Amino acid sequence: MEKSSEVLIAVEDLHKRFEDEHVLKGVSITIKEGDLVSIIGPSGCGKSTFLRCLNGLELLDSGRIEIAGVTLSRSSSDQAITRSFLEAAHEMRKEVGIVFQGFNLFPHKTVLENVMLAPMVVKKIPKDEAEGIALRLLDKVGLKDYSNRYPVTLSGGQAQRAAIARSLAMAPKVMLYDEPTSALDPELVGEVLQVMRDLDSEGMTQVVVTHAMHFARDASDYVVFMDQGEIVEVADGDEIFSNPRNDRTRDFLRHLAGVI
Amino acid sequence: MMVRLLLILAFLSCSFPSFASVTTQPGELRWGGDTEGGAPYMYQDPDDMNSLVGYEVEIIEAIASHMGMKPIFVQNGWDNLIPGLERRLYDVSIDGLEITPEHQDVVDFSMPYYVTHLQIAVRRDNFDIVELDDCKGRVMGTLKQSYSQYVLETLGDVEIRTYEDEINAYTDLVNGRLDGTLFDAPIALYYGGPMREVKFVGPPIGKIEYGIAVPKDNPELLDLINSAVTSLRDSGKLRSILERWNLWNPMVAEEFHDLGPVKTQPVMYDKWIESHRPSFSLMDRVKRYSSFMPKLGTAALTTMKVSVASMVLAVIFGLMLALVRVFGPAPLSTLSMWYVEIVRGTPVLIQLFFIFYGLPNIGVKLSPFMARVIGLGMNYAAYEAEIYRAGLMSVPVGQMEAALGLGMTRREALRHVVVPQAVRMVLPPVTNDFISLLKDSSLVSVITLVDLTKAYGQIATTYYDYFGTGIIVAAIYFLLGYPFIRLARWTERKMEASFVPDRVRKNRRTGLGLRLF
Ligand SMILES: Nc1ncnc2c1ncn2[C@@H]1O[C@H](COP(=O)(O)OP(=O)(O)OP(=O)(O)O)[C@@H](O)[C@H]1O
Ligand SMILES: [Mg+2]
C-alpha cells in the first residue's frame with residue numbers, strides 16, 4: 001500500500017530506568033503514518049517498556065517522544081514531573097490505543113459496554129451514538145453476535161478482537177500491541193492477526209511487539225530488533241530474517257530457530 | 001457524596017421525633033431512669049406495657065407535681081445514669097441511686113427519700129447461713145457495682161458472682177448455683193419474696209440511702225427538690241407511697257421521725273405478687289406474648305433503622321477510607337491506615353461511650369440515635385475499609401492500565417472500572433457484615449434507645465421470663481437478618497456468574513473451585 005511520508009511518531013534518545021536497572025538506553029526512532037512496525041528481541045530487552053512509554057503508561061526519564069503533535073520531553077530524571085507533563089501524557093493516551101497480551105477486558109461489562117465505555121467517559125459521546133460506533137467496530141472485528149456476552153464467555157481470540165475494538169472506539173492515531181497473540185491457542189492467532197492486517201490496509205499506524213515471526217516478516221513494513229535496551233537493527237522484514245546485518249540480531253534469530 | 005450521606009442521616013434522625021432535642025422546656029422536669037431497673041423501683045406495668053410503674057416513679061411524679069412541673073421520663077441504662085446526668089440528658093436522676101462519697105464527687109444528692117439495708121437470702125433448706133459472717137467460703141450472688149458487692153468484698157473469702165438482673169441471681173439461688181444472695185432489701189422483697197424455695201435470714205445489714213441526683217452546678221434545683229422531699233415527708237405522702245409498695249421499715253421511720261402505725265394497704269406489692277404466681281395457663285401465656293408484640297415491633301423497627309443508617313455510613317465511609325489508603329497520597333494513606341487500626345483495636349463499647357458521653361466535653365452533643373449510628377457506622381467503616389481494600393487489591397493492575405490506556409484519568413478509571421469491580425467482589429462479605437451489624441446494634445442498647453435487646457430486657461424483667469421472650473426476640477432478630485442472608489447468597493452467585501468463566505463453573509463441584517470427589 002502507498003504510504004504517506006508524514007512522520008507520526010518521533011522518539012529521540014529515550015531513557016528509562018527502574019531503580020538501578022537501566023532498561024531503555026537511548027532509543028531513537030521515527031515511524032511514519034500508516035506504517036506497521038514489528039518489534040522483536042529477547043525477553044527482558046525492554047520492548048514492553050518502550051511500548052508503554054509510547055502512550056505514557058510509563059513516564060520517560062529523559063529524552064523526547066512526539067506523537068501526533070503531542071510532545072513528552074524531559075532533560076533528565078532529576079527534572080520534576082510537572083502537571084503539564086502529566087497532562088501531556090494523558091493527551092498521548094487519548095491518541096494512542098494499546099492492546100495487551102492478557103486482553104484486560106472489563107469483566108463487569110458486556111462486550112458492547114466495554115467498547116462504549118471510553119468514548120462515553122472520556123469523549124462524553126452520548127450513549128446511543130457510542131453504541132452505534134461500538135456496534136460498527138464489533139462488526140468489523142467479527143464480533144457482532146457477541147456484543148451482549150460477558151468477557152468470561154469469550155474465547156481468547158474473540159477477547160483479543162474485542163480488546164482491539166475497544167481501543168479503536170477512541171479513534172486513536174496509533175495502535176500499540178504488546179504480544180497480542182502470545183496468550184492464544186495457535187489456531188486462534190490467525191483471526192487476531194487478520195484484524196491487524198485489515199487495519200493496516202485502512203492506513204492505521206501500528207506498532208506490534210511480537211513473537212510471531214512470520215507475521216513480523218510478512219505483514220510489517222519493517223522490523224525493529226531490540227536488545228539490552230537499545231535498537232540494534234531496523235530493516236525490511238525479508239531482509240532482517242534472511243540476511244541480518246548485526247551479530248546480535250543473527251544470534252537472536254539463530255537461537256530462535258534452534259528453539260523452534 | 002458526603003453531603004448526600006449527611007442528608008440521609010439527618011432525615012433518619014428527624015424521623016425520630018424523640019431525639020430531636022435534649023433541651024429542657026420550661027415547666028418540665030426531665031428525669032432519667034432505667035426501665036430495666038426492675039421492681040419495685042421502676043418497671044413496665046404488666047397490664048400496660050407502655051406505662052411505667054414503681055415507687056420511685058410515684059415519688060418523682062409527686063415531687064414534680066409539688067414543684068408545679070410536668071415530669072418527663074428519659075430512658076438511660078442504669079450504669080450510665082450519672083454520666084447521662086453530667087451530659088444533661090435530663091435534669092435529675094432517680095433509680096435507687098445510693099448516696100455514696102464516690103457518687104457525691106460528681107453529682108449532688110437530695111436528702112434521702114428512702115433508707116434501707118441489705119438482705120441475705122438462702123434456699124429454704126439451708127440452715128448453715130444465718131448471718132453475714134456465715135457467707136465466708138460460700139458462693140454469693142449480688143448486684144454488679146453495688147454497695148452489697150462492696151460489703152461482700154470487704155468480708156473477704158467469699159466467691160462473688162455479680163449479676164445485672166436480680167431475677168437471674170434468685171433463679172440461680174433456687175437452682176443451687178449460689179449458696180445465697182445479698183441484695184438491697186427492696187429487691188430481695190420483690191424477687192426473692194415470691195419464690196417459695198427462698199427465705200430471708202439475718203438482721204438488716206448496713207444502711208443504704210437513696211437520693212435524687214442533681215448536677216453539681218444547679219444548687220437552685222437541688223434546693224427546690226429538697227424542699228419538695230421535705231414537704232412530701234411531712235405531709236405523709238412519701239410514707240403512703242412507700243406503704244403502698246410494702247417498703248416502709250423501721251429505718252425509714254427513724255430517719256423521718258415518723259413512728260406511727262401503718263395506714264396504707266400494700267396494694268402495689270400485692271398486685272406484683274399476684275401477677276407473678278408461677279403457674280398459669282397456656283392461654284395466659286399466649287395472651288401475654290401477644291400483648292407485648294407491638295412493643296417488640298417498634299423496637300425491631302428501631303434496631304433496623306439504626307442498623308441500616310449505620311451500614312450506609314459504614315459502606316460509604318469505608319470505601320473512602322479504602323480508596324485513600326490504596327490510591328491516596330502518602331500522608332492521607334497513613335492516616336487512613338491508623339484510623340482502621342485504632343478503631344479495630346479498641347472495643348466498640350468504649351468508642352460508643354466516648355462518642356456519647358465523652359464528646360460533649362468538647363461541645364459535640366449528638367442525639368442518642370445519631371450517636372449510635374455514627375458510633376456503629378464509624379466502627380464498621382474500619383472493617384468495611386479492609387474488605388474494600390482487599391477488593392481493590394484483587395482487581396488486577398491490568399484493569400487500571402487498560403482504562404488509562406483508553407485515555408481515562410485515574411479518577412475516571414477508578415470510578416468506572418476499578419471500584420465497580422471491587423464493589424461487586426465485596427458485596428457478599430459486606431452483606432454478611434450487615435447481618436453482624438444488625439446483631440451488634442444490640443451491644444449499644446446502653447445508649448438510651450429502646451431497641452430489640454433493650455425491649456427484651458424490659459419485658460423479661462417485668463415477667464421473669466427470659467425463656468419464652470428470649471425465643472421470640474431471637475426469632476425476630478433472625479427474621480430481620482434472614483433476607484440479608486439470602487441477599488448475600490444471591491450476590492455471591494451473581495458475582496460468580498460474571499467473573500468466573502463458564503467452562504470453569506461447569507466443572508466445579510465445590511465452592512473452592514476444586515473437584516474434591
Ligand atoms: N514496573 C517495573 N519495575 C521494575 N522493573 C521493571 C518494571 N517493568 C519492567 N521492568 C524490568 O525492565 C526490564 C525490561 O522489561 P520489559 O517488560 O520491557 O521486557 P520485554 O522486552 O517486554 O520482555 P518480554 O519479552 O519478556 O515481555 C526487565 O528486566 C524487567 O524486569
Ligand atoms: Mg514484554
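Naming: A, B, ... by sequence-line order, numbering from 1 per chain. Just so it is clear, the structure is predicted and the values come from calculations on it, not from any experiment.
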Check the pair A:T153, A:Y146 against side-chain hydrogen bond (donor to acceptor under 3.5 Å, both in side chains), reporting the backbone distance first and the verdict last.
CA-CA 9 Å; A:T153 66; A:Y146 295 83; over 6 Å; no
Under 3.5 Å, is there a donor-acceptor pair between the B:T346 and B:Q351 side chains?
yes
A:L105 portion near chain B, given a 4.5 angstrom heavy-atom threshold
backbone
Under 3.5 Å, is there a donor-acceptor pair between the A:T71 and A:S73 side chains?
no
With a 4.5 angstrom heavy-atom cut-off, which part of A:F100 approaches chain B: side chain, backbone, both or neither?
side chain
Go through it in stages, so that I can follow the logic: the residues are A:R52 and B:E401, the test is salt bridge (Lys or Arg N to Asp or Glu O under 4.0 Å), and I'd like the CA-CA distance, side-chain angles, deciding distance and then a yes or no.
CA-CA 10 Å; A:R52 291 158 61 84; B:E401 290 190 340; 2.6 Å; yes
With a 4.5 angstrom heavy-atom cut-off, is it the side chain or the backbone of A:V99 that approaches chain B, or both, or neither?
neither
Is there a donor-acceptor pair under 3.5 Å between the side chain of A:E95 and the backbone N or O of A:E91?
no
When you measure from the side chain of B:T303 to the backbone N and O of B:L452, does any donor-acceptor pair fall under 3.5 Å?
yes
Members of residues 109-145 of chain A whose heavy atoms come closer than 4.5 Å to chain B:
A:K109, A:L117, A:A118, A:V121, A:V122, A:K124
For A:K16, is there an ion pair with A:E21 - N to carboxylate O distance below 4.0 angstrom?
no
